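One structure is given below, encoded as structure tokens.
Every value quoted in this text rests on a predicted model; they were computed, and no experiment measured them.
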Amino acid sequence: MAGSIPVLIVGAGPTGAILALELAHHSVPCTVVERSPEPPRHPGVVFLDGRSMELLRRLGLASRLRDTCRIDGPAGGVVWTRGLDQPPAGVWPSPPEPPTDAVDGTAALERGLWVRGAELTAALRAALHRNPLIDLREGWTFTDLRLEGDRVLATVLEQGTGVRHALEAAHLAGCDGARSTVRRCLGLRLDRTGPPARRCAVLFRSSDAVLAAHAEAAAEIVAGEATLTWQGDGDAWVGTVPLDEGPPAAVDPAEVLRDRLGLDGTYDVLAVSEWDESPAVASAYVQGRAYLAGAAAHRLRTAVGARIGTDVADAVDLGWKLAAAVQGWGGPGLADSYQAERRHAALIDRELHDLAVQTRLRFGRLAVAGASHELLAGFVAQESHQLGDAGIAFGRRLAGSPVVWHEAGGPGDLPWDRITPSTWPGSRAPAVPLADGAPLFDRLGPELTLVDLGAGGAGRVLAERARRRGMPMTHLVASGPAVGAAWDRRYVLVRPDHLVAWRGDAPPPDEDWTAVLDLVTGRSREHVMSRDPFAGETRSIPLMTERTE
């Protein structure tokens, strides 16, 4: 491999693959190195929430994943019981999803999707192979890196030949999972909310009749101190139990299943592992021109399945910002804002996930201590407030982002469990149909979009000013009853990730508009254009397009 690479991505799991596809969406080439020569085949379910599916829709992936990877999600959420042979102390149903047919801005553009993890990874990797802008090197293991000013030098090992390659990149993204080599090379630690919480995980198949009956209603069963998680593949489950403090001990999986999980039927153990479930977030996401994303940046476990919404949002946020840096219209502050926005989100997720972990641990301790069925049922009911998370992903606001033009005050008290349409800066823009029935989100441009509800062509003038400063901007003239009701400003600047960067009821003067553009693109007036050396090596894109509904 000769020459320099605009973006080098380490890891072709979901985070790395989506990051690569996001870069390609912005016409930026990249190289992906992945140590595994083929996608993993292990079972396991992954849940892509509606917000993640909205972001993947932009990349043309939502419908493809529904057609090729979809599985029927569980009818219920979590069953809480003292043991598999005991009546449930409570059942938490799967949280209801926002509607997709509402026209008042309270709807999601996409519903959440349950997929098998192996099928998701295979589908994304196939998409990498199809994209001419993505150079996927399978069987290449990243071993080391060195930061040198405006470049990153990486060393990778080609497994088939044993040859070591030295790669030079303008930017490097570590998407190499929980045991990230990139994070280790950067010397970044994981900050936990508490001490390590070791658990033994046993992947198995079982014909146990009681377990099969529970599978009709739940994706996860909390049975005393043990947890059973459905793997989306018939009779495949993962059972986890807490381990005592101290050095790792030899684990007999059959004994774990018999004594701790209470299974009496036939079962086949497929794999045994130990892991730390204490939520943690990396001390930094950005160091020089190296970045962490997904599980390399945070360890977050949820109650049901592997919910990877945080990973998807990491990949999209980092992808469009690196694309802006490579193409020259994003200043140094834009790529740096990735840490401010995404680590902030992960810290919130860490606390929410820690709440879920502690709830499960307390239930287990109560059950082991001999608490009555009534007490356990009361505890489960008391903690059921954790169910109301349907609107969290949609309602998140970038209150502290350095590349959002913030306004004084706040949007007021908003319900946290459902979508509230708002153009408040930092919020997800309202997803509504245009006058012709087409989704407004589908008409947004790949880079910045100025949504124009005004009259007289002032929005076009604003977009032309951005164009003259080298910023690609789509000018979208939008109208229709739903738009007028949900979009409460005449001019709204929307980022590639659907978030509002700025809004106003009147076109600002040239000087003020210049200040807005400088802030939201992370560049000062002294850095009119980025000095990224690869700015001229990518396929050209239109600086401004005109769209009307």
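With respect to Arg343 and Asp191, a salt bridge is recorded, a charged nitrogen being found less than 4.0 Å from a carboxylate O. Between Arg495 and Asp317 there is a salt bridge, with a side-chain nitrogen of the basic residue lying less than 4.0 Å from a carboxylate oxygen of the acidic one. With respect to Lys321 and Asp336, no salt bridge is recorded, no charged nitrogen being found less than 4.0 Å from a carboxylate O.
By the 4.5 Å heavy-atom criterion applied to side chains, Ile9 and Phe142 are not counted as neighbours. You'll find the side chain of Arg57 reaches within 4.5 Å of the side chain of Asp442, heavy atoms only. Ile5 places none of its side-chain heavy atoms less than 4.5 Å from the side chain of Cys30. Put simply, the side chain of Arg342 does not reach to within 4.5 Å of the side chain of Leu318, judged on heavy atoms. Counting only heavy atoms from C-beta outward, the side chains of Val403 and Glu341 approach each other to under 4.5 Å. A heavy-atom distance below 4.5 Å is found between the side chains of Val272 and Cys200. For the pair Leu292 and Ser180, the minimum side-chain heavy-atom distance is below 4.5 Å. Looking at heavy atoms from C-beta onward, Phe204 lies in side-chain contact with Leu228 at the 4.5 angstrom threshold.
Residue Ile134 holds its CD1 atom at 8.0 Å from CG of Leu23, rounded to the nearest 0.5 Å. Once rounded to the nearest 0.5 Å, the distance linking NE2 of His129 with CG of Leu136 reads 4.5 Å. Between atom CD of residue Glu351 and atom CG of residue Leu347 there is a gap of 7.5 Å, rounded to the nearest 0.5 Å. Note that CE of Met53 and CG of Leu61 are 8.5 Å apart. Values are rounded to the nearest 0.5 Å. Atom CD in Glu119 sits 10.5 Å away from atom CG in Leu65 (nearest 0.5 Å).
No donor-acceptor pair under 3.5 Å is formed between the side chain of Thr449 and the backbone N or O of Val451. Looking only at distances, no side-chain donor or acceptor of Glu158 sits under 3.5 Å from a matching main-chain atom of Gly160. Not a single donor-acceptor pair under 3.5 Å links the side chain of Thr155 to the backbone N or O of Thr143. Under a 3.5 Å cut-off, the side chain of Glu138 and the backbone N or O of Glu38 do not form any donor-acceptor pair. Of the possible donor and acceptor atoms, one in the side chain of Glu34 sits under 3.5 Å from a partner among the backbone N and O of Ala12. Between the side chain of Asp176 and the backbone N or O of Gly11, no donor-acceptor pair lies under 3.5 Å. For Arg183 (side chain) and Ala296 (main-chain N/O), a donor-acceptor pair under 3.5 Å exists by modelled atom type. Between the side chain of Thr359 and the backbone N or O of Leu355, at least one donor-acceptor pair lies under 3.5 Å. Between the Gln327 side chain and the His26 main chain, a donor and an acceptor come within less than 3.5 Å of each other.
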- Message: Is there a side chain to side chain contact (heavy atoms under 4.5 Å, CB included) between His165 and Arg137? Walk through the geometry before answering.
- Response: CA-CA 12 Å; His165 298 269; Arg137 300 300 178 104; over 6 Å; no

- Determine, stepwise, if the pair Asp49 / Arg51 fulfils salt bridge (charged side-chain N to carboxylate O under 4.0 Å, His left out). CA-CA 6 Å; Asp49 58 38; Arg51 180 67 184 124; over 6 Å; no

- Between Ile308 and Leu120, does a side chain to side chain contact (heavy atoms under 4.5 Å, CB included) hold up when you go through it step by step? CA-CA 12 Å; Ile308 62 171; Leu120 172 64; 3.9 Å; yes

- Query: Hey, mind stepping through Thr310 and His298 against side chain to side chain contact (heavy atoms under 4.5 Å, CB included) and telling me if it holds?
  - Reply: CA-CA 9 Å; Thr310 307; His298 44 70; 3.5 Å; yes

- Determine, step by step, whether Leu48 and Val312 satisfy the side chain to side chain contact (heavy atoms under 4.5 Å, CB included) criterion, reporting the C-alpha distance in whole Å, the side-chain angles of both residues, the deciding distance to 0.1 Å, and the verdict. CA-CA 9 Å; Leu48 294 161; Val312 173; 4.1 Å; yes

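For Arg58, the CZ atom counts as densely surrounded, since its 6.0 Å shell holds more than 12 non-hydrogen atoms of other residues, nucleotides or ligands. Atom CZ of Arg111 sits in a crowded spot, with more than 12 heavy atoms from other residues, nucleotides or ligands closer than 6.0 Å. The local environment of CZ in Arg130 is crowded, with over 12 non-hydrogen atoms from other residues, nucleotides or ligands closer than 6.0 Å.
Closest approach of Ala20 and Leu128 over heavy atoms only: CB-CD2, 3.8 Å. Looking at every heavy atom in both residues, Gln287 comes nearest to Leu186 through NE2-O, 3.3 Å. Here the shortest heavy-atom pairing between Ala280 and Leu300 reads O-CD2, 4.5 Å. Ala108 approaches Ile419 most closely through the heavy-atom pair N-CD1, 3.8 Å. Nearest heavy-atom pair, Ala466 versus Met473, reported as atom, atom and distance to 0.1 Å: CB-CE, 3.5 Å. Minimum heavy-atom separation, Gly294 to Asp311: CA-OD1, 3.6 Å.
A side-chain N or O of Thr141 and one of Gln159 form a donor-acceptor pair less than 3.5 Å apart. A side-chain donor-acceptor contact under 3.5 Å links Ser278 and Arg299.
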